[in-house]
Asker: 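Next up is a structure, given as structure tokens.
As the structure is a prediction and not an experimental result, all values here were calculated from the model. The figures that follow rest on heavy atoms only: side chains count, while hydrogens, waters and symmetry mates do not.
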Amino acid sequence: MSVVTEDAAGGRRRSVAPALVGPATILVAFVLVVPMAILFRYSLNQFVPGQFMVEAVTGANYVKFFTDSYYLNVLWTTVQVAVACTVISLTLAFPVAYFLARTTSRFKSMLVILAVFPLMVGNVVRAAGWMVVLGNEGVVNAVLRWVGLTAEPIKLLYTPTAVVIGIIAVVLPYMILTLQSVLEGIDYSVEEAALNLGAGPSTTFFRIVLPLAMPGVVAGTVLVFILCMNAYATPVLLGGPQFKMMAPALYDQIARSTNWPFGAALAFVLMATTLTLTIVSTTVMQRRMRR
């Protein structure tokens with residue numbers, strides 16, 4: 001009787017599952033898949049000045065991208081910035097996340113709110129704030145001149161360094177929260193056991209904490225890398241007109257040049273590059289986790 005009851009319960013769960021997943025699947029299909037399919041169709045059209053877009057089926061837009069050194073350099077710059085921001089964010093976020101996960105202070109909730117607080121401010125506002133900080137008459141140059149390290153302002157704004165700093169400021173809270181949620185699930189007694197058995201702090205971190213925290217490292221790295229690859233406001237405001245990443249270049253083609261076919265091709269190249277690098281890096285990290 002119990003076997004029959006369990007089989008019936010399992011059958012009911014299997015019949016309920018499609019009803020629960022169905023609405024979300026339909027919503028994703030309409031909101032994400034259908035617009036992407038339309039955009040891909042646009043990428044196969046031709047752009048004729050004065051006629052906006054001529055319907056066709058051609059790969060000329062993709063050929064143009066991969067044969068134009070300018071756009072290849074833009075893609076390479078985007079990947080470099082995204083990788084640098086992801087690595088630096090991981091390095092900066094891990095100590096903060098570890099402290100938040102291990103602290104027993106009654107102000108822990110307040111500390112978490114402080115870590116999340118930057119997300120309550122828009123990217124444009126934060127980029128504008130960094131423009132004030134990094135400008136020739138900004139806070140950084142003022143402090144450097146006051147200390148006597150430089151007599152003339154150092155060019156910080158409209159440089160790749162400014163873009164990296166601005167993007168890190170945007171994505172750092174995501175990395176902190178992702179790592180903290182995983183680190184809190186690691187029993188501290190495991191670390192205590194390693195220390196009691198003679199392992200030093202660095203050995204405990206690299207042999208115990210880091211391997212157990214790898215799911216959070218993978219999740220945070222993937223999330224931050226995707227955000228960095230698609231950054232728009234920060235590169236425009238902090239990088240200036242001479243510094244180009246894929247998202248601003250895509251916007252220029254669609255909004256300014258009204259070249260929708262080529263802009264759509266840029267969008268799919270960016271998406272394909274992001275997915276490919278994400279899958280490769282995730283696979284590599286997961287293989288190391290199994291060792």
Side-chain angles (χ1 to χ4, degrees), residues 21 24-25 27-29 31-33 35-36 39-40 74-101 112 115-123 126-127 160 163-186 205-206 208-235 245-250 266-291:
V21 177
T25 304
L27 180 63
V28 170
V31 175
L32 184 62
V33 177
M36 287 177 58
L39 192 64
F40 179 72
V74 171
L75 178 61
W76 177 237
T77 299
T78 303
V79 173
Q80 286 181 304
V81 170
V83 171
C85 291
T86 302
V87 172
I88 296 173
S89 296
L90 178 61
T91 304
L92 296 177
F94 209 105
V96 178
Y98 184 85
F99 172 77
L100 292 176
V112 174
V116 178
F117 185 77
L119 299 179
M120 302 179 187
V121 182
N123 293 350
R126 277 184 280 180
V163 175
V164 170
I165 292 174
I167 294 178
I168 290 173
V170 172
V171 302
L172 194 58
Y174 295 101
M175 184 71 81
I176 292 173
L177 294 177
T178 305
L179 292 174
Q180 182 205 352
S181 63
V182 175
L183 289 170
E184 284 187 338
I186 300 175
F205 174 78
F206 287 106
I208 304 296
V209 178
L210 187 59
L212 292 176
M214 280 305 292
V217 172
V218 173
T221 299
V222 169
L223 174 62
V224 167
F225 179 75
I226 292 174
L227 293 174
C228 294
M229 285 289 289
N230 293 276
Y232 172 75
T234 304
M245 290 178 64
M246 285 295 289
L250 189 160
L266 290 180
F268 271 88
V269 169
L270 174 60
M271 183 179 67
T273 304
T274 303
L275 288 176
T276 301
L277 293 176
T278 299
I279 292 171
V280 170
S281 61
T282 302
T283 303
V284 171
M285 286 188 287
Q286 286 177 343
R287 286 180 179 176
R288 291 186 177 181
M289 287 170 57
R290 298 190 188 102
R291 293 179 181 177

Asker: Do any N or O atoms from the side chain of S281 and from the backbone of T278 form a donor-acceptor pair under 3.5 angstrom?
Answerer: yes
Asker: Are any of the side-chain heavy atoms of C228 and T86 separated by less than 4.5 Å?
Answerer: yes
Asker: Please lay out, stage by stage, how V217 and M214 fare under the test side-chain contact (heavy atoms from CB on, under 4.5 Å).
Answerer: CA-CA 5 Å; V217 172; M214 280 305 292; 4.2 Å; yes
Asker: What closest approach, in Å, do I186 and V209 show between heavy atoms, and which atom pair accounts for it?
Answerer: CD1-O, 4.1 Å
Asker: Would you indicate whether the side-chain heavy atoms of M245 and V163 approach each other to under 4.5 Å?
Answerer: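 Yes, side chains in contact.
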Asker: So, for A93 and L172, which heavy atoms are closest and what is the spacing to 0.1 Å?
Answerer: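 Where A93 meets L172 most closely, the heavy atoms are CB-CD1, 3.9 Å.
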Asker: Is the side chain of T78 donor-acceptor paired with the backbone N or O of M229 at a distance under 3.5 Å, no angle test?
Answerer: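 Side chain of T78 to backbone of M229, a donor-acceptor pair under 3.5 Å: no, none is there.
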Asker: Which heavy-atom pair separates L212 from V182 by the least distance, and what is that distance?
Answerer: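 Where L212 meets V182 most closely, the heavy atoms are O-CG1, 4.1 Å.
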Asker: Is there a side-chain contact between V171 and F225 (heavy atoms, below 4.5 Å)?
Answerer: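 With C-beta onward as the side chain, the pair stays apart.
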Asker: For N123, enumerate each residue passing the side chain to side chain donor-acceptor pair (under 3.5 Å) test, keeping only those at least two apart in sequence or located in another chain.
Answerer: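 N123 satisfies side chain to side chain donor-acceptor pair (under 3.5 Å) with R126 only.
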Asker: If you look at every heavy atom in A247 and A231, which pair is closest and at what distance?
Answerer: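 Between these two residues, the closest heavy atoms are CB-O, 3.2 Å.
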Asker: Under 4.5 Å between any side-chain heavy atoms of V116 and P173, yes or no?
Answerer: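 Side-chain contact under 4.5 Å: no.
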Asker: So, for G216 and T178, which heavy atoms are closest and what is the spacing to 0.1 Å?
Answerer: O-CG2, 3.6 Å
Asker: For the residue pair F94 and F205, is the inter-centroid distance of their aromatic rings smaller than 6.0 Å?
Answerer: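 So the answer is yes for these two rings.
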Asker: Do T283 and I279 pass the side-chain contact (heavy atoms from CB on, under 4.5 Å) test, and can you show the C-alpha distance, the side-chain angles, and the key distance before you say yes or no?
Answerer: CA-CA 6 Å; T283 303; I279 292 171; 4.1 Å; yes
Asker: What's the shortest heavy-atom distance between M246 and V269, and which atoms?
Answerer: CE-CG1, 4.4 Å
